[in-house]
Amino acid sequence: MYWRTYRARSSRVCCTGNENMFAFHFAIYLYFSGTWEEGKSSDTQKWSSLEHKGPYFPPEYEPLPDNICFNYDGQPVKLSPVTEEIATFYAKMLDHEYTSKEVFQNNFFCDWREEMTKEERKLIKTLSKCDFSQIHKYFVEKSEERKNMTKEEKQVLKEEASRLMEEYGYCLLDGHREKIGNFKLEPPGLFRGRGEHPKMGKLKKRIQPEDVTINCSQDSKIPAPPAGHRWKRVQHDNTVTWLASWLENIHGRPKYIMLNPSSKLKGEKDWQKYETARRLKMKVDSIRKQYRRDWTSREMKIRQRGVAIYFIDKLALRAGNEKDDESADTVGCCSLRVEHITLHRRLDAQEHVVEFDFLGKDSIRYYNKVPVEKQVFKNLKLFIKHKDPEDDLFDRITTVKLNKTLNESMPGLTAKVFRTFNASTTLQDQLNKLTTGGMTVEEKILSYNRANRAVAILCNHQRAAPKTFERSMQLLQEKIQKKKEQIEEAKKELKEAKKAHKDAPSDKSKKLLEKKEKAVQRLGEQLKKLQLQETDREENKVIALGTSKLNYLDPRISVAWCKKHQVPIEKIYNKTQRDKFAWAIDMTDENFQF
DNA sequence: CATTGGACTTGGCACTATCCAA
DNA sequence: TTGGATAGTGCCAAGTCCAATG
């Protein structure tokens with residue numbers, strides 16, 4: 001079995017008794033595999049055989065029934081199929097707040113008109129005169145119908161989906177069947193984007209086979225394009241991992257069809273990522289010493305670099321590459337502007353506080369007040385001197401230069417490694433601290449979630465409070481209240497049973513007493529469980545745990561913790577996660593430390 | 001050195017499946 | 001059996017980083 005070979009290999013390399021020794025050897029291995037000629041080829045080659053069925057195309061557009069009409073300026077207009085399809089994209093979104101945004105409307109209308117026939121373009125000149133309400137209503141009803149389908153109808157749909165999955169969802173990589181991550185091509189629609197995106201509302205065009213490049217091995221069965229079509233290209237490049245690619249028309253950037261995280265290819269890459277982070281653990285002291293020295297350098301760019309790396313290390317900020325004006329205005333460390341920080345000599349009884357306020361990835365706000373070292377504070381004052389709010393804070397450095405420096409400190413080190421390193425270190429520390437003897441499984445899980453939460457807060461992984469949050473919290477509180485009342489009741493009954501047993505002892509009264517004692521105890525446990533749940537949920541209101549769990553936390557820490565504290569792994573990882581982390585579940589014993 | 005293209009990881013959220021109490 | 005809450009999944013956008021180019 002494929003899995004077995006993977007297993008054997010991982011455990012041989014990984015489960016040496018001495019983790020430090022292992023990290024050392026791994027460092028050597030990585031170092032040489034990057035420089036030696038022989039090593040290099042094995043490093044860049046991703047597979048030796050690859051066969052697949054090509055992407056699955058979304059269904060063609062189905063024109064609206066004749067009784068559903070688009071109206072312009074009060075008059076019904078029959079649109080050409082292409083124009084009509086784009087109209088339906090807009091009509092379906094009418095409930096969303098963003099269709100009321102000017103940027104969205106302008107972009108949509110502009111792109112829509114471009115696809116119209118000459119006659120349509122001549123007629124349809126103002127969006128405000130367009131009436132999509134019939135179309136909107138039609139789709140609302142359709143989705144209602146879908147919701148009301150019978151069990152049998154739903155079953156048919158389900159079987160259809162699993163047939164599709166069976167046919168297109170897997171590939172053959174080096175002779176082994178692997179799950180594909182996204183085998184369905186993205187359907188056409190209107191681009192939304194996150195935050196104040198200047199391109200929101202633009203038309204995302206339908207992908208044609210003629211847009212798609214196929215990547216597979218030369219001697220494999222080449223996937224057939226849909227009837228009457230050709231692929232853009234068929235290539236056989238084994239230095240990349242993707243099966244198909246195309247250019248999306250909004251930014252003109254490539255998109256790919258790639259493997260599922262459960263695949264060996266992705267798993268090994270993931271493992272490698274965490275090993276790099278563990279190597280940083282070994283080197284981080286000297287790196288910290290270095291950047292502290294840099295704070296007093298004669299050269300401004302070195303000072304800036306030193307402070308930037310300090311932020312990346314201490315606050316787990318992202319690198320912050322340059323961005324063009326064609327996307328939302330968001331920043332990371334290197335792209336911070338003067339306006340994003342406020343310096344407080346003294347704030348809330350703390351000295352040298354930096355107040356950060358900026359939009360990061362996905363336009364998620366980063367807000368934090370952090371006391372920093374005096375020298376950092378001094379430097380920041382220097383960096384912002386004579387600058388305007390919209391000027392770069394670190395004007396002498398870029399992510400490329402910063403990463404180049406990091407790479408010189410440790411092969412493979414980049415800014416993002418600090419996030420992985422900090423996240424995993426935090427989880428390990430928190431788990432060690434929060435797990436104590438004599439805890440129930442539920443208490444341990446609360447501890448785990450709290451440790452996970454500490455990481456999510458560090459990485460600023462936020463979410464909108466769930467729409468149902470207040471309500472579900474209230475429900476839980478009612479449940480708790482009810483449980484408390486039950487306990488009161490049970491206690492009363494227990495007291496009576498005690499009295500009855502004392503007054504007239506018998507087998508029966510003794511049994512009753514025991515029963516009542518058990519009931520009180522059981523209810524108490526249930527109450528505790530509910531209260532733990534309440535705490536957990538309250539603390540998690542605006543925190544998203546998923547991203548750190550999936551991308552930043554070395555799964556071996558969790559696996560070892562589960563083994564050590566007899567927590568079933570299923571309580572921590574669901575099925576998908578267990579598949580993704582199969583490598584870790586398999587190779588890790590309870591003594592693993594990050 | 002700056003710029004661009006390309007490949008890969010990381011990210012939140014809407015939708016869907018499942019679970020559980022009434 | 002149902003409907004509402006919760007958990008899980010898919011979607012696809014938005015980052016990082018490397019290498020080629022000029």
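Each chain gets a letter, A, B and so on, in the order the sequences are listed, and its residues count up from 1.
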**Q** Take the protein atom CG of D324(A) and the nucleotide atom C1' of dA13(C), then report the distance between them rounded to whole Å.
**A**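 For the pair D324(A) CG and dA13(C) C1', the rounded distance is 14 Å.
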
**Q** Walk me through whether K264(A) and E178(A) qualify under salt bridge (Lys or Arg N to Asp or Glu O under 4.0 Å).
**A** CA-CA 8 Å; K264(A) 178 189 172 194; E178(A) 294 273 32; over 6 Å; no

**Q** Using atom CD of Q235(A) as one end and atom P of dG6(B) as the other, report the distance to the nearest whole Å.
**A**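 From Q235(A) CD to dG6(B) P: 11 Å.
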
**Q** Heavy atoms only, 4.0 Å cut-off, all strands: where does T241(A) land among base, sugar-phosphate and nothing?
**A** sugar-phosphate

**Q** Take the protein atom CH2 of W242(A) and the nucleotide atom C1' of dC8(B), then report the distance between them rounded to whole Å.
**A** 13 Å

**Q** Classify R253(A) by what it touches in the nucleic acid, base, sugar-phosphate, or nothing, heavy-atom distance under 4.0 Å.
**A** base

**Q** Salt-bridged, R556(A) to E275(A), with N to O below 4.0 Å?
**A** yes

**Q** T547(A) or S245(A): which one's nearest nucleotide on DNA chain B is closer to the 5' end?
**A**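 Nearest nucleotide further toward 5': that of S245(A).
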
**Q** Please check the phosphate of dG11(B) (OP1 and OP2 only) for any side-chain N or O of H461(A) closer than 4.0 Å.
**A** yes

**Q** Under 6.0 Å between the ring centres of H197(A) and F191(A)?
**A** yes

**Q** Residues of residues 415-422 of chain A with any non-hydrogen atom less than 4.0 angstrom from an atom of DNA chain B: list those, numerically ordered, please.
**A** K416(A), R419(A)

**Q** Tell me every residue that passes salt bridge (charged side-chain N to carboxylate O under 4.0 Å, His left out) with E408(A), counting only those two or more places apart in sequence or in another chain.
**A**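 Only K404(A) meet the salt bridge (charged side-chain N to carboxylate O under 4.0 Å, His left out) criterion with E408(A).
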
**Q** How about Y170(A) and H52(A): are their ring centroids closer than 6.0 Å?
**A**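 No - the distance between ring centres of Y170(A) and H52(A) does not fall below the 6.0 Å cut-off.
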
**Q** Tell me if a side-chain donor or acceptor on T426(A) pairs with a main-chain N or O of N422(A) at a distance below 3.5 Å.
**A** yes

**Q** Hey, does the side chain of Y552(A) come within less than 4.0 Å of dG11(B)'s phosphate (OP1/OP2), counting only N and O?
**A**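 It does, given that an N or O in the side chain of Y552(A) lies less than 4.0 Å from OP1 or OP2 of dG11(B).
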
**Q** Between C1' on dG5(B) and CG on D237(A), what's the gap in Å once rounded to a whole number?
**A** 14 Å

**Q** Contact class for P261(A) vs. all strands (heavy atom < 4.0 Å): base, sugar-phosphate, or nothing?
**A**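 It contacts nothing in the nucleic acid.
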
**Q** Shortest non-hydrogen contact from A277(A) to T420(A)?
**A** CB-CG2, 3.9 Å

**Q** Categorize T398(A) for me: base, sugar-phosphate, or nothing, with a 4.0 angstrom heavy-atom threshold over every strand shown.
**A** nothing

**Q** What is the distance, to the nearest angstrom, from the CD atom on E322(A) to the P atom on dT3(B)?
**A** 8 Å

**Q** Which residue in the set I569(A), V567(A), L427(A), I585(A) passes side-chain contact (heavy atoms from CB on, under 4.5 Å) when paired with S558(A)?
**A** L427(A)

**Q** Tell me which of K323(A) and Q577(A) sits closer to the 5' end of DNA chain C, going by the nucleotide each one is nearest to.
**A**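 Counting from the 5' end, the first nearest nucleotide belongs to Q577(A).
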
**Q** Using heavy-atom distances to pick each residue's nearest nucleotide on DNA chain C, tell me which of K179(A) and G195(A) is more 5'.
**A** K179(A)

**Q** Is the NZ or CZ atom of R278(A) both under 6.0 Å from the centre of the six-membered ring of F421(A) and within 45° of that ring's axis?
**A** no

**Q** Is there any protein nitrogen or oxygen under 3.5 Å from a nitrogen or oxygen in nucleotides 1-8 of chain C, and what are the pairs?
**A**
{"from": "dA5(C)", "atom 1": "OP1", "to": "R471(A)", "atom 2": "NE", "distance (Å)": "2.6"}
{"from": "dT6(C)", "atom 1": "OP1", "to": "R537(A)", "atom 2": "NH1", "distance (Å)": "2.8"}
{"from": "dT6(C)", "atom 1": "OP1", "to": "R537(A)", "atom 2": "NH2", "distance (Å)": "3.3"}
{"from": "dT6(C)", "atom 1": "OP2", "to": "S472(A)", "atom 2": "OG", "distance (Å)": "3.4"}

**Q** Parallel, tilted or perpendicular: which describes the rings of F132(A) and F108(A), with under 30° parallel and over 60° perpendicular?
**A**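 Geometry flag for F108(A) against F132(A): perpendicular rings.
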
**Q** Quick check: on DNA chain B, is the nucleotide nearest V400(A) upstream (toward 5') of the one nearest K361(A), or the reverse? Name the residue that is more 5'.
**A**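 The residue mapped nearer the 5' terminus is V400(A).
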
**Q** How many Å lie between CD on E408(A) and P on dC17(C), as a whole number?
**A** 15 Å

**Q** Do F311(A) and F356(A) have ring centres separated by under 6.0 Å?
**A**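 That pair passes the under 6.0 Å test.
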
**Q** Checking M300(A) now: which residues fulfil side chain to side chain contact (heavy atoms under 4.5 Å, CB included) with it, not counting sequence neighbours?
**A** Q304(A), L382(A), F383(A), R396(A)

**Q** Is K266(A) touching bases, backbone alone, or none of the nucleic acid, heavy atoms closer than 4.0 Å?
**A**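 Sugar-phosphate only.
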
**Q** Which residues within residues 308-320 of chain A lie with some heavy atom under 4.0 Å of an atom in DNA chain C?
**A**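 Correct list: R318(A), A319(A), G320(A).
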
**Q** Short question: side chain of N238(A), backbone of W47(A) - any donor-acceptor pair under 3.5 Å?
**A**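 Present.
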
**Q** What integer distance in Å separates N182(A):CG from dT9(C):C1'?
**A**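 The answer, rounded to whole Å, is 13 Å.
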
**Q** Got a donor-acceptor contact below 3.5 angstrom from the H176(A) side chain to the L173(A) backbone?
**A** no

**Q** How about Y573(A) and F581(A): are their ring centroids closer than 6.0 Å?
**A** yes

**Q** Identify each atom pair where a protein N or O and an N or O of nucleotides 13-21 of chain B are less than 3.5 Å apart, giving names and distance.
**A**
{"from": "dC13(B)", "atom 1": "OP2", "to": "A464(A)", "atom 2": "N", "distance (Å)": "3.3"}

**Q** Go through dT10(B), dC12(C), dA14(C) for me and flag the one nearest to the N551(A) side chain.
**A** dT10(B)

**Q** Take the protein atom CG of L247(A) and the nucleotide atom C1' of dA13(C), then report the distance between them rounded to whole Å.
**A** 16 Å

**Q** Do the side-chain N or O atoms of N321(A) get closer than 4.0 angstrom to the phosphate oxygens (OP1, OP2) of dT16(C)?
**A** yes

